[in-house]
Amino acid sequence: MPTVNLNLKVLEKLIGKKLSLELLKDRISMLGTDLDKIEGNEVVVEVFPNRPDMLSEQGFARALSSFIGVKTGLKKYCVKKPLKDYQVIINDSVKKVRPYTACAIVKNLTFNDEKIREIIQIQEKLHVSLGRNRKKLAIGIYPLEQIKTPITYTAKKPNEIRFQPLESPREMTGLQILSQHPAGRDYGHLLEGKAVFPIFIDSKNEILSMPPIINSHKTGKINENTKEVFIECSGFDFKSLNQCLNIIVTALADMGGEIYQMELLYKKKKIITPNLNPVEWKLDLNYVNRLIGLKLSEKEIKILLEKMGLGYENKKVLVPAYRTDILHQIDIAEDIAIAYGYDNFEPEIPNVSTIGKENSFEVFKRKIANILVGTGILETISYHLTSINEHNEKMCFKSEVIELENPSTSEYSVLRSWITPSLMQILSRNTNKEYPQNIFEIGTVFKPNTKEETNVEENSRLGVALCGPDVNFTTIKQILDILFSALDMTCAIEETKHPSFINGRVGRVFVGKKAVAYIGEISPEVLEQFNIEMPVSCFELNLTNLIQVINNK
Amino acid sequence: MNINTIIKKLHPLEIKTLSHLKKEILFSELQKNTGLKEVEITRAIQWLGNKNIITIDEEIKELIELDKNGVKYKKEGLPEKRFLKATRSKNKISEIKKEAKLEDEEINICIGSLKKKAAIAITKEQELIITLTEQGKKLLEKEFLEEQFLKKDFPIELDSLKPEEIFAFENLIKRKEIIKKNVKKIRTIKLTILGEEVKKKGVSTKEVIERLTPKILKDKSWKNKEFRAYDVSINVPKITRGKRHFVNQAIDYARRIWLDMGFEEMTGNLLQTSFWNFDALFTAQDHPVRDLQDTFFIKKPATGKLPKKEFIDKIKNTHENGWTTNSKGWQYEWDEETSKKNVLRTHTTCLSAQTLAKLSKKDIPKKFFALGKCFRNETLDWSHLFEFNQTEGIVIDKNANFRHLLGYLKAFFKKMGYEKARFRPAYFPYTEFSVEIDVLHPIHKTWFELGGAGIFRPEVVKPLLGIDIPVLAWGPGFDRIILEFFKINDIRELYKNDLKQLREIKDWIK
């Protein structure tokens, strides 16, 4: 989850009230954010991904200040009309690579080291969250003093692009930036293989940046002398670009800046950004009350909405332009509940009559487990994921397994296709423990089957393994017999061959005509692989098959 | 305890041992004298010790013992002495060997050792010719230090050796299997004052019944006899038992709570298509949870099949523009292929989605629960596992509201042993309202986080169920509660299957 670092002093100033640490902590978590830590003056807060507008110090303070009742209601931002030349011309060539941009200008800023760091933080947090690591959108901020408007957003062949990227001593081509510049190496995959790369150029033909990778050192670096900035967001979804732009310009306005709009000249239409007009929503008050289980009056709801920084006028909710998370009126209802305070709701259990019901297969499996426990055997639980070595090589049996596309380690990279290898691993890890070691496990196994929805069939199997000096075919057969007699069933065993078992001491277990299990003594080759110096006999029973037989009886 | 009671409760082994005890005796001597087996005498002195009849002092000592060749040489004499004696009458090496009855290996050692002592001279003709020197003659008359050493009574304590014995010891220990050094625990058993009294008072010789046998019962010989009294406070050897895995014990308990509260169980596959795991739950296709670093995907079969077209269309429209849910949707182009990708389910919430899709409207209201394994692409460490347990619940009721959600959760956690639960705002793509559940640790009095809950978004409910009514939903993790109960700090120990741990861990008792 994205975090935002706040300076306690600055935060208090922005909120407009000093809170005790205890109260601050409490309010932060009841607002729907998670306090990570407070160390001295530094406050680190986790912000849920639906609230990117809270990823800046300003945005966070705006929400908190309103929530605690200091500055409530819809915050109005003054947006000035575009001045002459405040234009961005969008060339059609960007369509194939990064089709949209939304831009703005903010003036009357004063920067110091702290504020520059703050701007960079907002930019980076938005890149990660809203921008999906710059894939969906990327942001560029430039000192307007170094730029001559109008600006053009266009795309050129990588080799024709040449400029000095940020923090680099020399000029590079588009391709060189991808392979040599640190930002190019991190984000180059977003442009790799494209015929043209997008760039912003000013009217002096100076390259400002190559989004989403890097700005120009000359025209794309903010310093303490910067008073005015040009901001662009580029990407694939015009709506998100606008939301992102709104989040940045309102944060800059809260730093004292004046927002100016720009004209975006797309081929077919002219669009003016940013647009900070609140979005109007109809709200069904009955719906809200029914959902939250309260009886709030319209007046109370208005006050609660204002605590969340929303407006309420003429039976309509006004949602500020930086809020990206309102998709449905239920989102507004949730804001009302948060403002009311989750800690103020009285939990209630309604009188709704329903009848509890356990899954019958789960009941069956528990019965089986209890029968085995009664014979003195210990239940184990293994991971479903294992390694091909443990599962196949060591068992001397090549079983078809489902492989993960992206395992985090080869030790856990395939889904098991039978239980016995799991039991052997357990015995192998416990050779220093007291014998006899008698264990069982009921679990899921996986095998390919194109008839299934996922093309994989999942079965529940029971594995039982007996290990100790006096263990043999008889001792495991006795367990199988107990189980079948408890289930009031009979089975027949036919000799078979299986590479994991001793020849002549392995059988296939049938119920009627259905093969349901293997039973036998594990071969010394397998025991040697697992470093077990005690005989092991075991059976593995397919419970999915068995229950089918029982249900068809 | 009264001295008579003590005497009455003595075990035959104790009685036998006691009769051989004196003020102070070595364990080995005691064993020899009683003629008991080591395990019997060990038990007897342990019991006597527990009753304060004796004290046992243990001392670690280094003992020298005779080895295989040592035993032989002690009887037959050292090879070099035999060699030297033989040279008085013979001087061809082969003859010496025969006379002294030496092995080839021993011959070489003898020559080496005697030459060093200047006891023999060697010339070489067809074979080696040995002649005795003056020094040799002198040596013949007295005993070697090593010979003297071997004559001693073994075992000998290393600490008790005199300087010349140390010399002999060092020479012999280097040679093959003559003597060996052992570390031994020497136990000295001393009678306590109580012990002296018990012994003085004398042990009753009246015949008592030791073991009640079928024979005694049959012939009724128990009548008018006394039984030897046992020490009923005694420790007995441990036995093992069969039992359910402690995680499953906890899961069964939680299952019973949901059943008590009128919930019906949902089960389903661990492997799911992205459609059920993500898309049906209104999780946008570019949401980070669908990245490789968060979710396990399958190499082959990489994809599965989608449900009937009716569902696909509804889900596609809901994602793209909200369909008829009055939502704006995520406003992007939904891709069918992406939703076919197989994943190991990341939550049991996919089972809730499937349940909603199957549910007939006339069966509402309904309550369902699930308890199951889920997967997350995590690197294993003390606090992270790639497999974890979740408990899922949904309530489908047209009158359900947010306060009911809090009510159900509070009731569940109270039954799990957490009297106090608190709820904070949270975010999940498929719920709105979203809630984070904290419970108060009953002993530490600190809050800890258990996971999420909420009300399913209309974008989830309407496409699956066909109508837009509130569906309360939750899916807190379950492992944290298990760890807390069993006082396990490292989450990997849940499925370590250490048989000692499984045998000894307490049961889930709530």
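These numbers were taken from a predicted model, which means no experiment stands behind them. Naming: A, B, ... by sequence-line order, numbering from 1 per chain.
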Taking the side chain from [X] and the backbone from [Y], do they hold a donor-acceptor pair closer than 3.5 Å?
X        : Y        : result
A:Asn406 : B:Thr295 : yes
A:Thr354 : B:Gly262 : yes
A:His328 : B:Thr325 : yes

Checking [X] against chain B: side chain, backbone, both or neither under 4.5 Å from a heavy atom?
X        : result
A:Ile355 : backbone
A:Arg429 : side chain
A:Thr454 : both
A:Phe236 : neither
A:Leu31  : backbone
A:Tyr287 : side chain
A:Ile377 : backbone
A:Asn50  : both
A:Lys136 : side chain
A:Phe361 : neither
A:Asn455 : both

Show the numbers, then the answer: is there a salt bridge (charged side-chain N to carboxylate O under 4.0 Å, His left out) between B:Arg255 and A:Glu362?
CA-CA 10 Å; B:Arg255 175 180 282 123; A:Glu362 296 300 315; 3.3 Å; yes
Indicate the atoms forming the closest heavy-atom contact of [X] with [Y], along with that distance.
X        : Y        : value
B:Ser434 : A:Glu334 : N-OE2, 2.8 Å
A:Ser382 : B:Asn497 : OG-ND2, 3.7 Å
B:Tyr408 : A:Pro350 : OH-CG, 3.4 Å

So do [Y] and [X] actually touch side chain to side chain, heavy atoms under 4.5 Å?
X        : Y        : result
A:Glu458 : B:Leu271 : yes
B:Arg503 : A:Gln437 : yes
B:Glu449 : A:Asp34  : yes

Name the member of [options] that forms the most heavy-atom pairs with chain A at distances under 4.5 Å.
options                                : result
B:Phe297, B:Phe369, B:Trp258           : B:Phe297
B:Phe368, B:Tyr332, B:Phe375           : B:Phe375
B:Leu405, B:Asn377, B:Thr273, B:Thr379 : B:Asn377
B:Gln331, B:Lys373, B:Lys500, B:Glu459 : B:Gln331

What orientation do B:Phe402 and A:Phe345 show, parallel under 30°, tilted 30 to 60°, or perpendicular over 60°?
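Rings of B:Phe402 and A:Phe345: perpendicular, over 60°.
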Under the criterion side-chain contact (heavy atoms from CB on, under 4.5 Å), which of A:Ile349, A:Ile292, A:Leu294 is the partner of B:Arg403?
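The single option meeting the side-chain contact (heavy atoms from CB on, under 4.5 Å) with B:Arg403 is A:Leu294.
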Candidate list B:Arg244, B:Gln249, B:Lys243, test side-chain contact (heavy atoms from CB on, under 4.5 Å), partner A:Glu379, passing option
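Testing A:Glu379 for a side-chain contact (heavy atoms from CB on, under 4.5 Å) against B:Arg244, B:Gln249, B:Lys243 leaves exactly one candidate, B:Arg244.
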Test log, rule side-chain contact (heavy atoms from CB on, under 4.5 Å), inputs B:Arg457 and A:Ile330
CA-CA 8 Å; B:Arg457 297 191 64 99; A:Ile330 198 166; 4.1 Å; yes
Go through the structure and list residues passing side chain to side chain contact (heavy atoms under 4.5 Å, CB included) with A:Val128, not counting sequence neighbours.
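For A:Val128, the residues satisfying side chain to side chain contact (heavy atoms under 4.5 Å, CB included) (neighbours in sequence not counted) are A:Asn133.
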Does B:Tyr495 have any ring-ring contact (aromatic ring centres under 6.0 Å, His included) partners at least two apart in sequence or in another chain, and if so, which?
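If we apply the ring-ring contact (aromatic ring centres under 6.0 Å, His included) test to B:Tyr495, skipping adjacent residues, the hits are A:Tyr383.
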Look up atom NZ in B:Lys238 and atom CD in A:Glu434, then write down how far apart they are to the nearest 0.5 Å.
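Spacing of NZ (B:Lys238) from CD (A:Glu434) equals 10.5 Å.
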At a heavy-atom separation under 4.5 Å, does B:Trp276 approach chain A through its side chain, its backbone, both, or neither?
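Contact with chain A: side chain only.
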